[in-house]
2 protein chains.
Amino acid sequence: MARRATVYDVAQRAGVSIATVSFAFTRPEKVKPETIRTVMVAADELGYVPSANARGLARGRTGAIGLYAYDYVLDPPADEHAAEGYERSARLFPLYADEVQRGVQLECRSRGLALMIGGNRTPAHLPHVIEVAGRVDALIAFAGALSVPHLEQAAARMPVVELGGEVRVAGAHTVLVDNRQGMADLTAHLVRVHRYERFAYLGELGTPEFRARREGFESTLEEAGVPVPPVLPAHPGDDATTSASVAALLREGPLPQVLVCDTDQAAVVAIDALRRAGLSVPGDVAVTGFDGIIAGRLLQPILTTVRQPMAAIGRAAVRLLADALDGAEQPTTNEDLVATFSAGGTCGCD
Amino acid sequence: MARRATVYDVAQRAGVSIATVSFAFTRPEKVKPETIRTVMVAADELGYVPSANARGLARGRTGAIGLYAYDYVLDPPADEHAAEGYERSARLFPLYADEVQRGVQLECRSRGLALMIGGNRTPAHLPHVIEVAGRVDALIAFAGALSVPHLEQAAARMPVVELGGEVRVAGAHTVLVDNRQGMADLTAHLVRVHRYERFAYLGELGTPEFRARREGFESTLEEAGVPVPPVLPAHPGDDATTSASVAALLREGPLPQVLVCDTDQAAVVAIDALRRAGLSVPGDVAVTGFDGIIAGRLLQPILTTVRQPMAAIGRAAVRLLADALDGAEQPTTNEDLVATFSAGGTCGCD
DNA sequence: ATGAAAGCGCTAACAC
DNA sequence: GTGTTAGCGCTTTCAT
């Protein structure tokens, strides 16, 4: 590749100083129109492209924001076998994080912000997030994707917003969705409308949002005097575990009346597993999810779930950061969004 | 936000020189283990995060690659009215570019590359792509998203791969899909199996890939001695035009037997428009698409189309760039991928 | 094994 | 309105 043209080259060719070149690009109103034209011509001829690195160094800002997501959001199946089922899995459709990312992209675009999406394989002791943090002015992180210390470290040097979390880390802004209430609404529907009494619960407690969902579930059952089932393991991105949990449920019987899953993804996998086992959903077992991903809307019948405003979450995060970036040192803000119960057919309705 | 700690701070705290700090991070084998430990401790205490900008400046590389997509890929509906229909539109589902982007992300991630997704609102005369180009080591661009001069300008200073194009720009690598053959296969199916003779064609000729599709269509019809219809306008991201073209078709009659669309997105919109007009697809008019997006698989019946290996396209692009980046000055490579005819029900099959 | 010092390309005072 | 110049934080010879 040819050596990149620099301000010096352009300045020389245009017969002006490098400062003038710089001004011509960044503060055209301070430069004589004719001079600007001369500079632009020289720049074009040289194919000059300002170095974002140098600019960022000098300005102390990069003009980009970072997005840090879970690993599993992007990870493809490891082997060929998995890859086969993969084609038919929920992963074919955009999941929660994909939808949120789309919102982030849209908002970044309309604000002229570059978006940096982090990689991995980072040098030894540096957490992956640093890889991203070193090149952006602000950071968006999915709740649970970063340890609290790392979040705090990042928040100490730049605006950070945690997405969908329930924990308010010192210095980090948050975009919250009321997971607890959403799951409570869904559970209440199952108890009051369907009169279910034997529940099973598929999910995990690894992040604040999952815990909030579980809480909404537990508290509603307790209020209704319905026995609270244990948490059977299911992790986003690990469909095998979900299937295994369903298998265990079938093996150990008796079958619950309804299987409440803490993500749509788990619900989709669970329904598939149940149907393969010859059971009807919702005939033999009702199933519910959480998130509102597309795959759920494509099931027959449609998945009963709690819809998160995913794109809005992403947009809100960018908006928060953009404000923090040009506004003064703001107090940490928390944007609250609602999660809406959405009755489909898998809960037994219709 | 607190001032970021720099190498100087770390060096001072650890009682070493900045060079040693730098070495400790980048060439640990050249530094005494004990020194490394001292440095790391100091760095941790200070919450030191290397500045990617400074590093990039000094090294001449950023470690990031850029993705430049069409505007319409990301643009949300402009007004509220549009936003309403939006919910029901194909845009709900990932389109061609989204699927390709996913492939790009996956591959970047597994290679430890940061991915920069460009914004807009760029200073006057600089094309948007420059905004991205200034911050990355290599660039991926969708065919037609950039003018040839811009592509060449970018290619002069960094590895560039053009996605899905048919034109081989000087210095740019390409990932090609045989659009011509794909469309020829589809058209042949319509001619031989269904014996259609009255065709309509919805699409555009604005990019090499679209032109290639049209060529595959035309040549197949010509060989079969079937009259070649004109191109009725339909542009990705502009569903209104597509609907208008369908309306014109209905108004001006007689109805063709089959409507060949050069994208799935156009096909989905066209089918919707036809059905709203009280027509049956494929009963009254058969319709076909091109791309293989998810939305097409969800139609009743399934959309007949030509499937592009979208994720594979994205991955191939990154692979190409990564090779170019660490390999020597390579000749421009062209990766060829196939587009597979996929018979659904909208062509009249079943 | 470690330190000194010269850039990398650009911005932003501050002069003129 | 334009030029001079001192950094921005890091890498990287070249000495030591």
Side-chain angles (χ1 to χ4, degrees), chain A residues 1-39 42-43 46-63 123 126 130-131 133-137 157-158, chain B residues 1-39 42-43 46-63 123 126 130-131 133-137 157-158:
Chain A
M1 296 296 110
R3 196 182 72 78
R4 271 99 140 163
T6 72
V7 265
Y8 298 98
D9 302 319
V10 177
Q12 188 176 15
R13 179 163 199 129
V16 298
S17 76
I18 61 163
T20 302
V21 173
S22 178
F23 280 148
F25 280 97
T26 57
R27 257 185 286 302
E29 73 279 6
K30 313 228 100 191
V31 181
K32 205 196 313 182
E34 190 189 313
T35 311
I36 295 193
R37 218 162 301 125
T38 321
V39 171
L46 263 35
Y48 168 70
V49 173
S51 151
N53 279 327
R55 181 172 280 181
L57 224 205
R59 284 214 271 241
R61 304 182 299 94
T62 66
L126 286 178
I130 295 314
E131 173 98 332
R135 30 175 111 241
V136 300
D137 297 334
R157 46 186 29 64
M158 65 179 70
Chain B
M1 297 295 111
R3 196 181 73 78
R4 273 99 138 162
T6 71
V7 264
Y8 298 97
D9 302 320
V10 177
Q12 186 175 17
R13 181 164 198 128
V16 298
S17 77
I18 62 164
T20 301
V21 173
S22 179
F23 282 145
F25 279 96
T26 57
R27 256 185 286 302
E29 72 280 6
K30 315 227 97 190
V31 182
K32 205 195 316 182
E34 191 189 313
T35 310
I36 294 193
R37 219 163 301 125
T38 321
V39 171
L46 263 34
Y48 169 70
V49 173
S51 151
N53 279 327
R55 182 171 280 181
L57 224 206
R59 287 214 269 240
R61 304 181 299 95
T62 67
L126 286 179
I130 294 313
E131 173 98 332
R135 24 175 40 116
V136 299
D137 297 333
R157 45 185 32 61
M158 64 178 72

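Order of the sequence lines sets the chain letters (A, B, ...), proteins ahead of strands, with each chain counted from 1.
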Checklist entry - Which pairs pass side-chain hydrogen bond (donor to acceptor under 3.5 Å, both in side chains) with one or both residues in residues 11-21 of chain B, sequence neighbours excluded? => result R13(B)-E45(B), S17(B)-T20(B)
Next on the checklist: With a 3.5 Å distance limit and no angle check, can you tell me whether R157(B) reaches the backbone of G47(A) through a side-chain donor-acceptor pair?
Outcome noted: yes
Checklist entry - With respect to the phosphate group of dT2(C), does any side-chain polar atom (N or O) of S17(B) fall under 4.0 Å of OP1 or OP2? => result no
Item to check | Enclosure of E29(A) CD (heavy-atom neighbours >12, cutoff 6.0 Å) | outcome: yes
Next on the checklist: T38(B): which residues meet the side chain to side chain contact (heavy atoms under 4.5 Å, CB included) condition with it, sequence neighbours left out?
Outcome noted: A14(B)
Next on the checklist: On a heavy-atom basis, which atom in M158(B) and which in V136(B) lie closest, and how many Å separate them?
Outcome noted: CE-O, 3.7 Å
Checklist outcome for this item: Sorted by chain and residue number, the side chain to side chain contact (heavy atoms under 4.5 Å, CB included) partners of D137(A) (sequence neighbours excluded) come out as R61(A), T62(A), L325(A)
Checklist entry - Minimum heavy-atom separation for V39(B) to A24(B), with atom names? => result CG1-CB, 3.9 Å
Checklist outcome for this item: In whole angstroms, the gap separating C1' of dC10(C) from CZ of R61(A) amounts to 13 Å
Next on the checklist: Just the rounded figure in Å: distance from P of dG9(C) to CG of L57(A).
Outcome noted: 12 Å
Next on the checklist: Restricting to side-chain hydrogen bond (donor to acceptor under 3.5 Å, both in side chains), what partner residues turn up for T26(B), sequence neighbours left out?
Outcome noted: none
Checklist entry - Who passes side-chain hydrogen bond (donor to acceptor under 3.5 Å, both in side chains) against N53(B), sequence neighbours left out? => result none
Checklist entry - Of all nucleotides in DNA chain D with an atom under 4.0 Å from a non-hydrogen atom of chain A, which is the first and which the last going 5' to 3'? => result dG1(D) to dG9(D)
Checklist entry - How would you list, by chain and number, every residue that makes a side chain to side chain contact (heavy atoms under 4.5 Å, CB included) with V7(A), sequence neighbours excluded? => result I18(A), V21(A), Y48(A)
Checklist outcome for this item: In short, the helix from dA1(C)-dT16(D) to dC16(C)-dG1(D) is bent end to end, axes from five pairs each side, to 10°, by 30°
Next on the checklist: Give me the atom names and distance for the closest heavy-atom approach of V31(B) to T35(B).
Outcome noted: CG1-CB, 3.7 Å
Next on the checklist: Under the rule for side-chain hydrogen bond (donor to acceptor under 3.5 Å, both in side chains), what residues qualify as partners of S51(B), not counting sequence neighbours?
Outcome noted: none
Checklist entry - Just how far is it from atom OG of S22(A) to atom CZ of R55(A), taken to the nearest 0.5 Å? => result 7.0 Å
Checklist entry - Heavy atom of residues 29-39 of chain A under 4.0 Å from DNA chain D: which residues? => result K30(A), V31(A), K32(A), T35(A)
Checklist outcome for this item: Under a 4.0 Å heavy-atom criterion, the protein footprint on nucleotides 11-16 of chain C, written with B, S and -, is BB----
